[in-house]
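What follows is a single structure, written as C-alpha coordinates, with notes after it.
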Amino acid sequence: MLKIDGVTRRFGNVTALDDVSLQIEQGEFFALLGPSGCGKTTLLRIVAGFETPDSGRVTLDGEDLLSKAPNRRPISLMFQSYALFPHMTVAKNVAYGLERERLPRQEIKQRVGEVLETVGLSQHASRKPAQLSGGQRQRVALARSIVKRPRLLLLDEPLSALDKKVRADMQLELKRLQHEVGITFVVVTHDQEEAMSLADRIAVFDSGRVCQVDEPVALYERPRSPFVADFVGANNLFHGVASGLEALRSEKFGMLPGTPLTELEADSAALLAVRPENVELADENAARGLAGSVLDVSFYGGVSHISVDVPDHPKPVLAAVQGAASVQAGAKVKVRWNAKDAVIMAVDR
Amino acid sequence: MRRSKILYVPFWATYVFLYLPIVVLVVMSFNSGKSAYTYEGFSLKWYGELAADERVQTGVVNTLIVAAGSTAIATVLGTLLAVGLVRHTRSKALDALALMPAVLPDLVLAIGLLLFYGLIQMTLGLYSVMLSHALFSMAFVAAVVRTRLVGADSSLEEASRDLGAGPVSTFVRITLPQLTPGIVAGALLAFTLSLDEFVIAFFTIGNAEPTLPIVIYSMIRFGVTPKINALAAILLLVSFTAVIAGQRLTKIGESRAQD
(Lines give C-alpha, C1' and ligand atoms only; values in the text may rest on other atoms or scores of the structure.)
Protein backbone atom coordinates (compact mmCIF):
# COMPACT_ATOMS: atom_id res chain seq x y z
CA MET A 1 0.00 0.00 0.00
CA LEU A 2 2.54 2.58 1.16
CA LYS A 3 5.80 2.15 -0.64
CA ILE A 4 8.93 4.00 0.40
CA ASP A 5 11.70 3.57 -2.10
CA GLY A 6 15.30 4.65 -1.53
CA VAL A 7 14.46 7.75 0.47
CA THR A 8 17.43 9.86 1.56
CA ARG A 9 17.31 13.10 3.53
CA ARG A 10 20.29 15.16 4.69
CA PHE A 11 20.32 18.16 7.02
CA GLY A 12 23.61 19.93 6.36
CA ASN A 13 26.16 17.16 6.74
CA VAL A 14 23.95 15.02 8.95
CA THR A 15 22.23 12.19 7.11
CA ALA A 16 18.84 11.71 8.76
CA LEU A 17 17.68 9.02 6.34
CA ASP A 18 20.03 6.93 4.26
CA ASP A 19 18.45 5.07 1.32
CA VAL A 20 15.44 3.82 3.28
CA SER A 21 13.03 1.42 1.58
CA LEU A 22 9.91 0.01 3.24
CA GLN A 23 6.65 -1.49 2.14
CA ILE A 24 3.60 -1.26 4.38
CA GLU A 25 0.49 -3.31 3.67
CA GLN A 26 -3.19 -2.37 3.77
CA GLY A 27 -4.69 -2.62 7.27
CA GLU A 28 -1.34 -3.20 8.91
CA PHE A 29 -0.25 -1.76 12.27
CA PHE A 30 3.34 -0.88 11.49
CA ALA A 31 5.91 0.55 13.91
CA LEU A 32 9.07 2.55 13.20
CA LEU A 33 11.29 1.88 16.19
CA GLY A 34 14.63 3.44 17.04
CA PRO A 35 16.51 5.64 19.47
CA SER A 36 15.95 9.40 19.27
CA GLY A 37 17.68 10.99 16.30
CA CYS A 38 17.59 7.82 14.20
CA GLY A 39 15.47 9.43 11.46
CA LYS A 40 12.13 7.76 12.14
CA THR A 41 10.28 11.04 12.74
CA THR A 42 11.84 12.56 9.62
CA LEU A 43 10.46 9.64 7.61
CA LEU A 44 7.01 10.18 9.12
CA ARG A 45 7.15 13.88 8.24
CA ILE A 46 8.16 13.04 4.68
CA VAL A 47 5.15 10.75 4.30
CA ALA A 48 2.87 13.43 5.82
CA GLY A 49 4.35 16.09 3.53
CA PHE A 50 6.18 18.38 5.96
CA GLU A 51 9.63 17.39 4.76
CA THR A 52 10.92 16.71 1.27
CA PRO A 53 13.47 13.96 0.70
CA ASP A 54 16.65 14.70 -1.24
CA SER A 55 16.05 11.58 -3.26
CA GLY A 56 13.76 8.58 -3.39
CA ARG A 57 10.09 7.92 -4.06
CA VAL A 58 7.03 7.57 -1.85
CA THR A 59 3.84 6.12 -3.32
CA LEU A 60 0.43 5.25 -1.89
CA ASP A 61 -1.30 2.53 -3.90
CA GLY A 62 0.99 3.37 -6.77
CA GLU A 63 0.12 7.07 -6.66
CA ASP A 64 3.02 9.49 -6.18
CA LEU A 65 2.77 11.32 -2.85
CA LEU A 66 5.76 13.65 -2.94
CA SER A 67 4.27 15.98 -5.54
CA LYS A 68 1.18 16.61 -3.37
CA ALA A 69 0.83 19.30 -0.68
CA PRO A 70 0.18 17.96 2.84
CA ASN A 71 -3.47 19.04 2.69
CA ARG A 72 -4.00 17.03 -0.48
CA ARG A 73 -2.71 13.71 0.84
CA PRO A 74 -5.21 11.10 2.08
CA ILE A 75 -3.09 10.76 5.18
CA SER A 76 -3.52 11.99 8.75
CA LEU A 77 -0.72 12.65 11.19
CA MET A 78 -1.25 12.59 14.93
CA PHE A 79 1.34 14.90 16.44
CA GLN A 80 3.44 14.06 19.46
CA SER A 81 2.21 17.25 21.15
CA TYR A 82 -1.32 16.44 19.84
CA ALA A 83 -1.45 19.96 18.34
CA LEU A 84 -5.05 20.52 19.40
CA PHE A 85 -6.32 23.98 18.50
CA PRO A 86 -6.52 25.73 21.90
CA HIS A 87 -9.13 28.27 20.82
CA MET A 88 -11.63 25.64 19.67
CA THR A 89 -13.81 23.21 21.59
CA VAL A 90 -13.32 19.46 21.33
CA ALA A 91 -16.18 19.18 18.84
CA LYS A 92 -14.80 22.05 16.72
CA ASN A 93 -11.35 20.48 16.74
CA VAL A 94 -12.75 17.21 15.48
CA ALA A 95 -14.99 18.92 12.93
CA TYR A 96 -12.12 21.02 11.51
CA GLY A 97 -10.98 18.49 8.93
CA LEU A 98 -14.52 17.75 7.75
CA GLU A 99 -15.34 21.46 7.43
CA ARG A 100 -12.33 21.85 5.16
CA GLU A 101 -13.85 19.19 2.90
CA ARG A 102 -16.99 21.36 2.76
CA LEU A 103 -19.26 18.51 3.76
CA PRO A 104 -22.91 19.26 4.59
CA ARG A 105 -23.36 20.48 8.15
CA GLN A 106 -25.66 17.61 9.07
CA GLU A 107 -23.11 15.02 8.00
CA ILE A 108 -20.30 16.77 9.87
CA LYS A 109 -22.37 16.85 13.05
CA GLN A 110 -23.24 13.19 12.74
CA ARG A 111 -19.69 12.02 12.04
CA VAL A 112 -18.23 14.13 14.86
CA GLY A 113 -20.83 12.67 17.23
CA GLU A 114 -19.99 9.14 16.12
CA VAL A 115 -16.25 9.48 16.46
CA LEU A 116 -16.50 11.14 19.89
CA GLU A 117 -18.67 8.20 20.91
CA THR A 118 -15.99 5.80 19.66
CA VAL A 119 -13.26 7.42 21.74
CA GLY A 120 -15.60 7.90 24.70
CA LEU A 121 -15.59 11.70 24.81
CA SER A 122 -19.21 12.57 24.00
CA GLN A 123 -19.55 14.20 27.41
CA HIS A 124 -16.66 16.55 26.73
CA ALA A 125 -17.61 17.84 23.27
CA SER A 126 -18.03 21.44 24.38
CA ARG A 127 -14.84 21.66 26.47
CA LYS A 128 -11.64 23.38 25.45
CA PRO A 129 -8.46 21.26 25.17
CA ALA A 130 -6.98 23.03 28.23
CA GLN A 131 -9.75 21.57 30.37
CA LEU A 132 -8.89 17.96 29.49
CA SER A 133 -6.45 15.46 30.97
CA GLY A 134 -3.51 14.11 28.97
CA GLY A 135 -5.30 10.90 28.07
CA GLN A 136 -8.41 12.77 26.97
CA ARG A 137 -6.37 15.14 24.79
CA GLN A 138 -4.73 12.17 23.17
CA ARG A 139 -8.14 10.75 22.35
CA VAL A 140 -9.33 14.04 20.88
CA ALA A 141 -6.25 14.10 18.66
CA LEU A 142 -6.99 10.55 17.60
CA ALA A 143 -10.65 11.33 16.93
CA ARG A 144 -9.66 14.38 14.89
CA SER A 145 -7.34 12.23 12.78
CA ILE A 146 -9.64 9.28 12.14
CA VAL A 147 -12.84 11.25 11.55
CA LYS A 148 -11.54 12.12 8.08
CA ARG A 149 -11.28 8.41 7.31
CA PRO A 150 -7.75 8.70 5.97
CA ARG A 151 -6.21 5.80 4.08
CA LEU A 152 -3.21 5.96 6.34
CA LEU A 153 -2.82 7.26 9.90
CA LEU A 154 0.62 8.28 11.10
CA LEU A 155 1.18 8.53 14.84
CA ASP A 156 4.25 10.31 16.19
CA GLU A 157 5.13 8.96 19.66
CA PRO A 158 1.41 8.74 20.44
CA LEU A 159 1.74 7.63 24.04
CA SER A 160 4.93 9.32 25.22
CA ALA A 161 3.15 12.17 27.01
CA LEU A 162 1.02 9.85 29.16
CA ASP A 163 1.83 8.26 32.48
CA LYS A 164 2.34 4.53 32.71
CA LYS A 165 -1.15 3.38 33.71
CA VAL A 166 -2.96 5.54 31.15
CA ARG A 167 -0.45 4.43 28.55
CA ALA A 168 -1.30 0.76 29.03
CA ASP A 169 -5.01 1.54 28.63
CA MET A 170 -4.40 3.62 25.52
CA GLN A 171 -2.31 0.87 23.95
CA LEU A 172 -5.28 -1.46 24.10
CA GLU A 173 -7.55 1.35 22.95
CA LEU A 174 -5.35 2.06 19.92
CA LYS A 175 -5.36 -1.59 18.89
CA ARG A 176 -9.12 -1.84 19.32
CA LEU A 177 -9.63 1.32 17.26
CA GLN A 178 -7.33 0.17 14.52
CA HIS A 179 -9.37 -3.04 14.27
CA GLU A 180 -12.62 -1.12 14.29
CA VAL A 181 -11.84 1.51 11.67
CA GLY A 182 -9.58 -0.68 9.58
CA ILE A 183 -7.15 2.13 8.74
CA THR A 184 -3.48 1.38 8.19
CA PHE A 185 -1.52 2.70 11.19
CA VAL A 186 2.13 3.70 11.16
CA VAL A 187 3.43 4.54 14.60
CA VAL A 188 6.80 6.08 15.47
CA THR A 189 8.20 5.19 18.86
CA HIS A 190 11.45 4.89 20.77
CA ASP A 191 9.81 2.56 23.28
CA GLN A 192 10.46 -1.02 22.20
CA GLU A 193 7.82 -2.46 24.54
CA GLU A 194 5.24 -0.15 23.01
CA ALA A 195 6.25 -1.17 19.51
CA MET A 196 6.18 -4.87 20.39
CA SER A 197 2.76 -4.75 22.03
CA LEU A 198 1.11 -2.59 19.33
CA ALA A 199 2.53 -3.48 15.99
CA ASP A 200 2.05 -6.31 13.51
CA ARG A 201 5.47 -5.54 12.07
CA ILE A 202 8.33 -3.38 13.28
CA ALA A 203 11.11 -1.64 11.37
CA VAL A 204 14.12 -0.97 13.58
CA PHE A 205 16.06 2.17 12.66
CA ASP A 206 19.63 3.01 13.50
CA SER A 207 21.23 6.30 12.42
CA GLY A 208 19.08 6.74 9.33
CA ARG A 209 19.09 3.12 8.16
CA VAL A 210 16.60 0.30 8.50
CA CYS A 211 18.31 -2.56 10.39
CA GLN A 212 15.56 -5.14 10.35
CA VAL A 213 11.88 -5.40 9.48
CA ASP A 214 10.10 -8.23 11.22
CA GLU A 215 7.20 -9.33 13.35
CA PRO A 216 7.65 -8.59 17.06
CA VAL A 217 8.34 -12.21 18.07
CA ALA A 218 10.85 -12.76 15.28
CA LEU A 219 12.55 -9.48 16.12
CA TYR A 220 12.84 -10.51 19.73
CA GLU A 221 13.94 -14.08 19.18
CA ARG A 222 16.07 -13.72 16.08
CA PRO A 223 17.72 -10.30 15.98
CA ARG A 224 19.84 -10.16 12.87
CA SER A 225 22.31 -7.50 13.93
CA PRO A 226 24.10 -6.53 17.15
CA PHE A 227 22.18 -3.22 17.22
CA VAL A 228 18.79 -4.91 17.15
CA ALA A 229 19.91 -7.50 19.72
CA ASP A 230 20.96 -4.72 22.05
CA PHE A 231 18.10 -2.27 21.40
CA VAL A 232 15.10 -4.59 21.42
CA GLY A 233 14.54 -5.93 24.92
CA ALA A 234 17.19 -6.84 27.48
CA ASN A 235 19.94 -9.10 26.22
CA ASN A 236 23.22 -10.55 27.45
CA LEU A 237 25.85 -10.07 24.77
CA PHE A 238 29.15 -11.94 24.36
CA HIS A 239 31.76 -11.08 21.74
CA GLY A 240 33.88 -13.72 20.06
CA VAL A 241 34.40 -15.52 16.76
CA ALA A 242 32.26 -18.04 14.94
CA SER A 243 33.41 -21.61 15.55
CA GLY A 244 31.60 -23.35 12.73
CA LEU A 245 29.66 -25.32 15.35
CA GLU A 246 26.64 -24.46 17.50
CA ALA A 247 28.81 -22.28 19.70
CA LEU A 248 30.75 -19.02 19.87
CA ARG A 249 34.44 -19.14 20.65
CA SER A 250 35.14 -16.52 23.27
CA GLU A 251 38.67 -15.54 24.25
CA LYS A 252 37.86 -15.46 27.95
CA PHE A 253 35.14 -18.05 28.39
CA GLY A 254 35.94 -20.69 25.83
CA MET A 255 33.05 -22.15 23.85
CA LEU A 256 29.62 -20.63 24.55
CA PRO A 257 26.57 -22.53 23.26
CA GLY A 258 24.31 -20.78 20.75
CA THR A 259 22.59 -21.15 17.38
CA PRO A 260 23.97 -19.24 14.40
CA LEU A 261 21.14 -17.45 12.56
CA THR A 262 22.95 -17.52 9.27
CA GLU A 263 25.81 -19.47 7.83
CA LEU A 264 28.88 -17.93 9.50
CA GLU A 265 32.40 -18.30 8.26
CA ALA A 266 34.61 -19.92 10.89
CA ASP A 267 36.82 -17.41 12.77
CA SER A 268 34.81 -14.39 11.60
CA ALA A 269 33.80 -11.90 14.32
CA ALA A 270 30.46 -12.77 15.87
CA LEU A 271 28.17 -11.88 18.75
CA LEU A 272 26.17 -14.17 20.97
CA ALA A 273 22.95 -12.89 22.51
CA VAL A 274 20.94 -14.65 25.18
CA ARG A 275 17.74 -13.31 26.76
CA PRO A 276 17.60 -13.03 30.58
CA GLU A 277 14.63 -15.38 30.73
CA ASN A 278 16.72 -18.05 28.98
CA VAL A 279 19.60 -17.78 31.44
CA GLU A 280 19.54 -20.39 34.14
CA LEU A 281 21.21 -20.05 37.53
CA ALA A 282 23.01 -23.17 38.66
CA ASP A 283 24.91 -24.25 41.72
CA GLU A 284 28.55 -23.11 41.78
CA ASN A 285 29.66 -26.75 41.56
CA ALA A 286 27.65 -27.40 38.40
CA ALA A 287 29.61 -29.00 35.58
CA ARG A 288 28.78 -26.37 32.95
CA GLY A 289 28.32 -22.58 33.00
CA LEU A 290 30.14 -19.36 33.79
CA ALA A 291 31.06 -18.84 37.43
CA GLY A 292 30.09 -15.58 39.08
CA SER A 293 28.59 -13.97 42.14
CA VAL A 294 25.14 -12.44 42.52
CA LEU A 295 25.34 -8.65 42.56
CA ASP A 296 21.74 -7.68 43.01
CA VAL A 297 18.26 -9.14 43.05
CA SER A 298 15.30 -6.93 42.04
CA PHE A 299 11.76 -8.10 42.44
CA TYR A 300 9.23 -6.74 39.89
CA GLY A 301 6.14 -8.53 41.09
CA GLY A 302 5.69 -11.20 38.45
CA VAL A 303 9.39 -11.66 37.76
CA SER A 304 12.70 -11.11 39.49
CA HIS A 305 15.85 -9.88 37.77
CA ILE A 306 19.11 -11.23 39.10
CA SER A 307 22.34 -9.63 37.98
CA VAL A 308 25.41 -11.81 38.22
CA ASP A 309 28.93 -10.45 38.10
CA VAL A 310 30.99 -12.74 35.90
CA PRO A 311 34.73 -11.94 36.16
CA ASP A 312 36.21 -10.69 32.86
CA HIS A 313 32.76 -9.83 31.41
CA PRO A 314 32.24 -6.04 31.08
CA LYS A 315 28.56 -6.04 32.14
CA PRO A 316 26.80 -8.18 34.74
CA VAL A 317 24.89 -11.11 33.24
CA LEU A 318 21.15 -10.67 33.70
CA ALA A 319 18.86 -13.57 34.51
CA ALA A 320 15.08 -13.41 34.91
CA VAL A 321 13.09 -15.90 36.94
CA GLN A 322 9.39 -16.22 37.62
CA GLY A 323 8.19 -14.94 41.01
CA ALA A 324 10.55 -14.23 43.88
CA ALA A 325 14.18 -15.31 43.53
CA SER A 326 15.65 -17.94 45.83
CA VAL A 327 19.19 -16.53 45.75
CA GLN A 328 20.60 -13.58 47.62
CA ALA A 329 23.22 -11.01 46.76
CA GLY A 330 26.73 -12.35 47.27
CA ALA A 331 25.86 -15.98 46.49
CA LYS A 332 28.29 -17.90 44.27
CA VAL A 333 26.51 -19.28 41.22
CA LYS A 334 27.02 -20.42 37.66
CA VAL A 335 25.03 -19.02 34.75
CA ARG A 336 24.22 -21.25 31.78
CA TRP A 337 21.87 -21.63 28.86
CA ASN A 338 21.01 -24.01 26.09
CA ALA A 339 22.31 -23.66 22.56
CA LYS A 340 18.80 -23.32 21.13
CA ASP A 341 18.02 -20.35 23.40
CA ALA A 342 20.97 -18.20 22.37
CA VAL A 343 21.57 -16.69 18.93
CA ILE A 344 24.87 -16.00 17.21
CA MET A 345 25.11 -13.28 14.58
CA ALA A 346 27.82 -11.76 12.45
CA VAL A 347 29.44 -8.47 13.49
CA ASP A 348 30.20 -6.03 10.69
CA ARG A 349 33.64 -4.64 10.93
CA MET B 1 19.42 39.37 54.74
CA ARG B 2 19.82 42.95 55.88
CA ARG B 3 18.98 45.43 53.18
CA SER B 4 20.91 48.61 53.00
CA LYS B 5 18.66 51.64 53.35
CA ILE B 6 21.07 53.73 51.33
CA LEU B 7 20.15 51.88 48.18
CA TYR B 8 16.58 53.09 48.52
CA VAL B 9 17.72 56.69 47.98
CA PRO B 10 18.57 56.41 44.26
CA PHE B 11 15.55 54.15 43.83
CA TRP B 12 13.09 56.74 45.09
CA ALA B 13 15.06 59.62 43.58
CA THR B 14 14.57 58.04 40.18
CA TYR B 15 10.84 57.78 40.70
CA VAL B 16 10.59 61.38 41.89
CA PHE B 17 12.61 62.60 38.91
CA LEU B 18 10.40 60.59 36.58
CA TYR B 19 6.98 61.43 37.94
CA LEU B 20 7.25 64.77 39.75
CA PRO B 21 7.07 66.81 36.51
CA ILE B 22 4.05 64.84 35.41
CA VAL B 23 2.31 65.30 38.74
CA VAL B 24 3.04 69.05 38.64
CA LEU B 25 1.72 69.22 35.09
CA VAL B 26 -1.56 67.55 36.01
CA VAL B 27 -2.00 69.61 39.18
CA MET B 28 -1.31 72.88 37.37
CA SER B 29 -3.89 72.01 34.71
CA PHE B 30 -6.51 72.59 37.43
CA ASN B 31 -5.02 75.98 38.31
CA SER B 32 -7.54 78.82 38.44
CA GLY B 33 -4.85 81.45 37.82
CA LYS B 34 -3.21 82.43 34.56
CA SER B 35 0.34 81.40 35.39
CA ALA B 36 1.66 77.96 34.63
CA TYR B 37 4.00 78.17 37.61
CA THR B 38 2.00 79.42 40.64
CA TYR B 39 -1.03 77.53 41.86
CA GLU B 40 -3.91 79.79 42.89
CA GLY B 41 -6.88 77.48 43.38
CA PHE B 42 -8.92 74.66 41.78
CA SER B 43 -10.76 75.28 38.54
CA LEU B 44 -11.76 73.43 35.38
CA LYS B 45 -11.78 76.59 33.28
CA TRP B 46 -8.72 75.64 31.24
CA TYR B 47 -10.41 72.44 30.16
CA GLY B 48 -13.38 74.53 29.13
CA GLU B 49 -11.22 76.92 27.13
CA LEU B 50 -9.51 73.99 25.54
CA ALA B 51 -12.83 72.63 24.35
CA ALA B 52 -13.68 75.99 22.85
CA ASP B 53 -10.39 76.39 20.97
CA GLU B 54 -10.95 75.64 17.29
CA ARG B 55 -7.29 75.12 16.48
CA VAL B 56 -7.06 72.50 19.21
CA GLN B 57 -10.24 70.87 17.95
CA THR B 58 -8.98 70.49 14.38
CA GLY B 59 -5.64 69.35 15.80
CA VAL B 60 -7.35 66.61 17.78
CA VAL B 61 -9.42 65.49 14.80
CA ASN B 62 -6.37 65.45 12.50
CA THR B 63 -4.32 63.55 15.04
CA LEU B 64 -7.07 60.97 15.47
CA ILE B 65 -7.36 60.55 11.69
CA VAL B 66 -3.61 60.07 11.34
CA ALA B 67 -3.39 57.75 14.36
CA ALA B 68 -6.33 55.60 13.26
CA GLY B 69 -5.16 55.37 9.66
CA SER B 70 -1.53 54.67 10.45
CA THR B 71 -2.53 52.11 13.09
CA ALA B 72 -4.69 50.25 10.60
CA ILE B 73 -1.93 50.14 7.99
CA ALA B 74 0.81 49.32 10.50
CA THR B 75 -1.19 46.54 12.14
CA VAL B 76 -1.93 44.72 8.91
CA LEU B 77 1.53 45.13 7.39
CA GLY B 78 3.36 44.60 10.69
CA THR B 79 1.54 41.32 11.34
CA LEU B 80 2.24 40.03 7.85
CA LEU B 81 5.85 41.14 8.22
CA ALA B 82 6.19 39.22 11.48
CA VAL B 83 4.68 36.07 9.97
CA GLY B 84 7.01 36.33 7.01
CA LEU B 85 10.05 36.84 9.22
CA VAL B 86 9.32 33.99 11.61
CA ARG B 87 7.79 31.36 9.34
CA HIS B 88 9.28 31.98 5.93
CA THR B 89 12.86 33.12 6.33
CA ARG B 90 15.83 32.35 8.51
CA SER B 91 17.73 35.48 7.53
CA LYS B 92 18.99 37.45 10.53
CA ALA B 93 19.74 40.42 8.28
CA LEU B 94 16.14 40.71 7.04
CA ASP B 95 15.02 40.46 10.64
CA ALA B 96 17.25 43.35 11.70
CA LEU B 97 16.27 45.46 8.67
CA ALA B 98 12.56 45.00 9.35
CA LEU B 99 12.85 46.20 12.93
CA MET B 100 15.19 49.06 11.99
CA PRO B 101 12.58 51.87 11.71
CA ALA B 102 11.82 51.38 15.41
CA VAL B 103 15.34 52.37 16.45
CA LEU B 104 16.23 54.79 13.67
CA PRO B 105 16.38 58.42 14.92
CA ASP B 106 13.09 60.19 14.13
CA LEU B 107 14.96 63.04 12.55
CA VAL B 108 16.72 60.77 10.06
CA LEU B 109 13.44 59.10 9.17
CA ALA B 110 11.72 62.49 8.84
CA ILE B 111 14.33 63.96 6.51
CA GLY B 112 14.48 60.76 4.51
CA LEU B 113 10.72 60.64 4.06
CA LEU B 114 10.53 64.32 3.13
CA LEU B 115 13.17 63.79 0.44
CA PHE B 116 11.42 60.65 -0.78
CA TYR B 117 8.02 62.34 -1.06
CA GLY B 118 9.70 65.17 -2.94
CA LEU B 119 11.39 62.71 -5.24
CA ILE B 120 8.15 60.99 -6.24
CA GLN B 121 6.46 64.42 -6.30
CA MET B 122 3.76 63.54 -3.83
CA THR B 123 1.79 66.46 -2.42
CA LEU B 124 2.19 66.52 1.34
CA GLY B 125 -0.77 66.40 3.72
CA LEU B 126 -2.38 64.31 6.39
CA TYR B 127 -2.06 61.13 4.35
CA SER B 128 1.71 61.57 3.98
CA VAL B 129 1.94 61.87 7.78
CA MET B 130 -0.25 58.79 8.06
CA LEU B 131 2.05 56.81 5.77
CA SER B 132 5.14 58.00 7.64
CA HIS B 133 3.67 57.01 10.98
CA ALA B 134 2.60 53.66 9.60
CA LEU B 135 6.19 53.09 8.53
CA PHE B 136 7.75 53.18 11.97
CA SER B 137 4.70 51.81 13.81
CA MET B 138 4.84 48.78 11.54
CA ALA B 139 8.24 47.91 12.99
CA PHE B 140 6.82 48.03 16.52
CA VAL B 141 3.80 45.91 15.61
CA ALA B 142 6.08 43.42 13.87
CA ALA B 143 8.32 43.22 16.95
CA VAL B 144 5.40 42.53 19.31
CA VAL B 145 3.68 40.00 17.03
CA ARG B 146 6.99 38.34 16.24
CA THR B 147 7.64 37.51 19.92
CA ARG B 148 4.25 35.89 20.16
CA LEU B 149 4.71 33.96 16.97
CA VAL B 150 8.06 32.59 18.11
CA GLY B 151 6.37 31.28 21.25
CA ALA B 152 3.47 29.78 19.27
CA ASP B 153 3.43 26.08 18.51
CA SER B 154 4.09 25.63 14.78
CA SER B 155 2.71 22.11 14.88
CA LEU B 156 -0.77 23.67 15.11
CA GLU B 157 -0.29 25.05 11.62
CA GLU B 158 1.01 21.72 10.38
CA ALA B 159 -1.96 19.95 11.97
CA SER B 160 -4.26 22.31 10.11
CA ARG B 161 -2.55 21.57 6.81
CA ASP B 162 -2.67 17.88 7.59
CA LEU B 163 -6.43 18.08 8.15
CA GLY B 164 -6.89 19.48 4.67
CA ALA B 165 -6.72 23.25 5.11
CA GLY B 166 -4.80 25.30 2.56
CA PRO B 167 -2.21 27.91 3.56
CA VAL B 168 -4.67 30.84 3.56
CA SER B 169 -7.34 29.02 5.51
CA THR B 170 -4.71 27.88 8.02
CA PHE B 171 -3.50 31.44 8.47
CA VAL B 172 -6.97 32.83 9.05
CA ARG B 173 -8.34 30.05 11.25
CA ILE B 174 -5.32 28.90 13.22
CA THR B 175 -2.43 31.39 13.09
CA LEU B 176 -4.41 34.62 13.48
CA PRO B 177 -6.42 33.56 16.56
CA GLN B 178 -3.16 32.55 18.23
CA LEU B 179 -1.71 35.98 17.50
CA THR B 180 -4.72 38.13 18.39
CA PRO B 181 -3.47 39.36 21.80
CA GLY B 182 -0.14 40.30 20.23
CA ILE B 183 -1.80 42.06 17.33
CA VAL B 184 -4.08 44.10 19.60
CA ALA B 185 -1.16 45.03 21.85
CA GLY B 186 0.84 46.07 18.78
CA ALA B 187 -2.07 48.13 17.46
CA LEU B 188 -2.47 49.99 20.76
CA LEU B 189 1.24 50.67 20.81
CA ALA B 190 1.11 51.99 17.25
CA PHE B 191 -1.83 54.22 18.16
CA THR B 192 -0.08 55.81 21.17
CA LEU B 193 3.12 56.29 19.21
CA SER B 194 1.31 58.13 16.43
CA LEU B 195 -0.77 60.20 18.86
CA ASP B 196 2.11 62.30 20.18
CA GLU B 197 4.59 62.02 17.35
CA PHE B 198 5.97 65.47 16.49
CA VAL B 199 9.17 65.42 14.44
CA ILE B 200 8.06 63.28 11.52
CA ALA B 201 4.62 64.91 11.40
CA PHE B 202 6.20 68.38 11.40
CA PHE B 203 8.46 67.47 8.46
CA THR B 204 5.92 65.67 6.31
CA ILE B 205 2.66 67.56 6.83
CA GLY B 206 3.32 70.31 4.30
CA ASN B 207 0.70 73.08 4.31
CA ALA B 208 -2.14 70.97 5.68
CA GLU B 209 -3.95 71.73 8.96
CA PRO B 210 -1.54 70.59 11.70
CA THR B 211 -1.85 67.63 14.05
CA LEU B 212 -2.19 68.17 17.80
CA PRO B 213 1.52 67.99 18.75
CA ILE B 214 2.26 70.65 16.16
CA VAL B 215 -0.62 72.78 17.51
CA ILE B 216 0.83 72.48 21.02
CA TYR B 217 4.27 73.43 19.78
CA SER B 218 2.98 76.59 18.17
CA MET B 219 0.98 77.46 21.30
CA ILE B 220 4.08 77.10 23.48
CA ARG B 221 5.90 79.66 21.40
CA PHE B 222 3.65 82.29 22.99
CA GLY B 223 4.31 81.03 26.52
CA VAL B 224 3.13 78.09 28.56
CA THR B 225 -0.42 78.50 29.90
CA PRO B 226 -2.41 76.07 32.05
CA LYS B 227 -4.39 75.37 28.89
CA ILE B 228 -1.45 73.42 27.55
CA ASN B 229 -1.22 71.59 30.86
CA ALA B 230 -4.85 70.58 30.52
CA LEU B 231 -4.24 69.32 27.00
CA ALA B 232 -1.17 67.39 28.10
CA ALA B 233 -3.12 65.86 30.99
CA ILE B 234 -5.75 64.54 28.58
CA LEU B 235 -3.11 63.13 26.25
CA LEU B 236 -1.51 61.45 29.25
CA LEU B 237 -4.78 59.82 30.18
CA VAL B 238 -5.35 58.49 26.67
CA SER B 239 -1.80 57.14 26.30
CA PHE B 240 -1.80 55.51 29.74
CA THR B 241 -5.10 53.79 29.08
CA ALA B 242 -3.91 52.43 25.77
CA VAL B 243 -0.59 51.18 27.15
CA ILE B 244 -2.16 49.52 30.19
CA ALA B 245 -4.86 47.94 28.05
CA GLY B 246 -2.15 46.67 25.72
CA GLN B 247 -0.16 45.13 28.57
CA ARG B 248 -3.26 43.51 30.01
CA LEU B 249 -4.13 41.94 26.69
CA THR B 250 -0.63 40.56 26.20
CA LYS B 251 -0.72 39.07 29.69
CA ILE B 252 -4.10 37.45 29.19
CA GLY B 253 -2.81 35.99 25.96
CA GLU B 254 0.30 34.64 27.64
CA SER B 255 -1.56 32.96 30.48
CA ARG B 256 -3.89 31.40 27.94
CA ALA B 257 -1.00 30.15 25.87
CA GLN B 258 0.51 28.50 28.94
CA ASP B 259 -2.59 26.45 29.70
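To find a chain, count down the sequence lines: A is the first, B the second, and so on, and within it residues start at 1.
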For [X], I'd like to know if atom [atom1] has over 12 heavy atoms of other residues, nucleotides or ligands within 6.0 Å.
{"X": "B:Met100", "atom1": "CE", "value": "no"}
{"X": "B:Tyr15", "atom1": "OH", "value": "no"}
{"X": "B:Phe240", "atom1": "CZ", "value": "no"}
{"X": "B:Tyr127", "atom1": "OH", "value": "yes"}
{"X": "A:Arg176", "atom1": "CZ", "value": "yes"}
{"X": "A:Arg72", "atom1": "CZ", "value": "no"}

N/O donor-acceptor pair under 3.5 Å between A:His87 side chain and B:Ile174 backbone: no
Sidechain-backbone polar pair: A:Asn71 side chain, B:Asp162 backbone, donor-acceptor under 3.5 Å: no
Quick check on [X] against chain B: is it the side chain, the backbone, both or neither that has a heavy atom closer than 4.5 Å?
{"X": "A:Arg45", "value": "side chain"}
{"X": "A:Met88", "value": "side chain"}
{"X": "A:Ile75", "value": "backbone"}
{"X": "A:Ser76", "value": "both"}

Pick one of side chain, backbone, both or neither for [X], based on which atoms fall under 4.5 Å of a heavy atom in chain A.
{"X": "B:Asp153", "answer": "side chain"}
{"X": "B:Gln178", "answer": "side chain"}
{"X": "B:Ser160", "answer": "both"}

Smallest separation among heavy atoms of B:Glu158 and A:Phe50, with atom names: O-CZ, 3.1 Å
Considering all heavy atoms, the nearest A:Tyr96-B:Ser169 contact: OH-O, 4.3 Å
Per-residue contacts, residues 99-125 of chain A versus chain B, heavy atoms under 4.5 Å: A:Arg100
B:Leu156 and A:Pro86, any side-chain heavy atoms less than 4.5 Å apart: yes
